[in-house]
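Predicted model only: the values in this text are computed from it and were never measured. When reading the values below, keep in mind they use all heavy atoms of this one structure, side chains included, and skip hydrogens, waters and symmetry mates.
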Amino acid sequence: MRKVTFRVANSLDNYIAREDGSVDWILHSDDANSSLADFWKTIDTVLWGRKTYDIVKGRMPAYTDVKNYVFSRTLKESADKGVEIVNGDAVDFVRNLKNQEGKAIFVMGGGELAKSLFEGDLIDEVGVNIHPILLGSGIPLFHEMKGQINLKLLECTSLKNGCVLLSYRVKR
């Protein structure tokens with residue numbers, strides 16, 4: 001069975017973007033880029049929430065080496081080649097995807113998408129890149145869920161730019 005990882009950058013006060021969706025506060029560094037490049041080698045599928053996809057659509061050539069699915073109730077087609085829009089139930093779709101052959105699956109941003117996948121018991125690992133900034137408001141990393149999800153720390157790495165990479169496995 002394929003592994004599903006929710007991995008995202010967030011502020012210390014747990015926002016993944018400003019209220020307008022901008023992510024201009026994200027600190028880039030060689031060590032963070034190296035970690036992300038290593039992670040990309042382990043996946044062949046990216047799951048996008050529609051709001052996260054809206055931020056990057058039209059600039060998708062960097063993601064053409066993986067299969068991309070965008071979950072949306074409103075979009076009918078993509079502006080990018082190689083992107084499939086999924087209008088159906090995300091939990092059923094991802095459950096089916098996990099049982100297919102392939103590398104790991106990456107949930108890109110999308111707190112609302114992640115919520116449904118957590119509640120469907122489909123997320124296996126969580127990776128967060130905590131940035132040393134307090135945004136004060138914005139789009140939350142996690143939305144209220146039906147129940148508690150227990151995690152086991154797999155890795156904790158501090159980066160030269162002050163960020164901390166955390167990796168957890170979902171306990172079952």
Point-to-point distance, once rounded to the nearest 0.5 Å, from [atom1] of [X] to [atom2] of [Y]:
{"X": "Leu166", "Y": "Cys156", "atom1": "CG", "atom2": "SG", "answer": "5.0 Å"}
{"X": "Gln100", "Y": "Lys98", "atom1": "CD", "atom2": "NZ", "answer": "13.0 Å"}
{"X": "Ile139", "Y": "Ser11", "atom1": "CD1", "atom2": "OG", "answer": "11.0 Å"}

Inspect the surroundings of NZ in Lys67 and state if more than 12 heavy atoms from other residues, nucleotides or ligands are less than 6.0 Å away.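 Atom NZ in Lys67 is packed in, count exceeds 12.
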Taking CG in Asp30 as the centre, count heavy atoms belonging to other residues, nucleotides or ligands within less than 6.0 Å. Is the count above 12? no
Ring-face cation of Arg7 near Phe39 (centre distance under 6.0 Å, axis angle within 45°): yes
Under a 4.0 Å threshold between the charged nitrogen and the carboxylate oxygen, would Asp124 count as salt-bridged to Arg172?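 Judged by the 4.0 Å cut-off on N to carboxylate O distance, Arg172 and Asp124 do form a salt bridge.
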What I want to find out is whether Asp92 reaches Arg95 closely enough, with some N-O distance under 4.0 Å, to be called a salt bridge. yes
With sequence neighbours left out, what residues match Lys160 under salt bridge (Lys or Arg N to Asp or Glu O under 4.0 Å)?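 Scan of Lys160 (salt bridge (Lys or Arg N to Asp or Glu O under 4.0 Å), adjacent residues dropped) gives none.
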Got a sec, which residues hit salt bridge (Lys or Arg N to Asp or Glu O under 4.0 Å) with Asp13, two or more places apart in sequence or on another chain? none
Compare every heavy atom of Leu159 with every heavy atom of Ala32, then report the nearest pair and how far apart it is.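 Closest approach of Ala32 to Leu159, heavy atoms only: CB-CD1, 3.7 Å.
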Is the closest side-chain heavy-atom distance between [X] and [Y] below 4.5 Å?
{"X": "Val107", "Y": "Leu117", "result": "yes"}
{"X": "Arg169", "Y": "Leu153", "result": "no"}
{"X": "Arg2", "Y": "Leu97", "result": "yes"}

Which pairs, with at least one residue in residues 119-138 and sequence neighbours excluded, count as a ring-ring contact (aromatic ring centres under 6.0 Å, His included)?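 For residues 119-138: Trp25-His131.
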Is there a path from Val164 to Leu27 through hydrophobic residues (I, L, V, M, F, W, Y) whose side chains come within less than 4.5 Å of each other? no
Would you confirm whether the ring centroid of Phe71 sits within less than 6.0 angstrom of the ring centroid of Phe93? yes
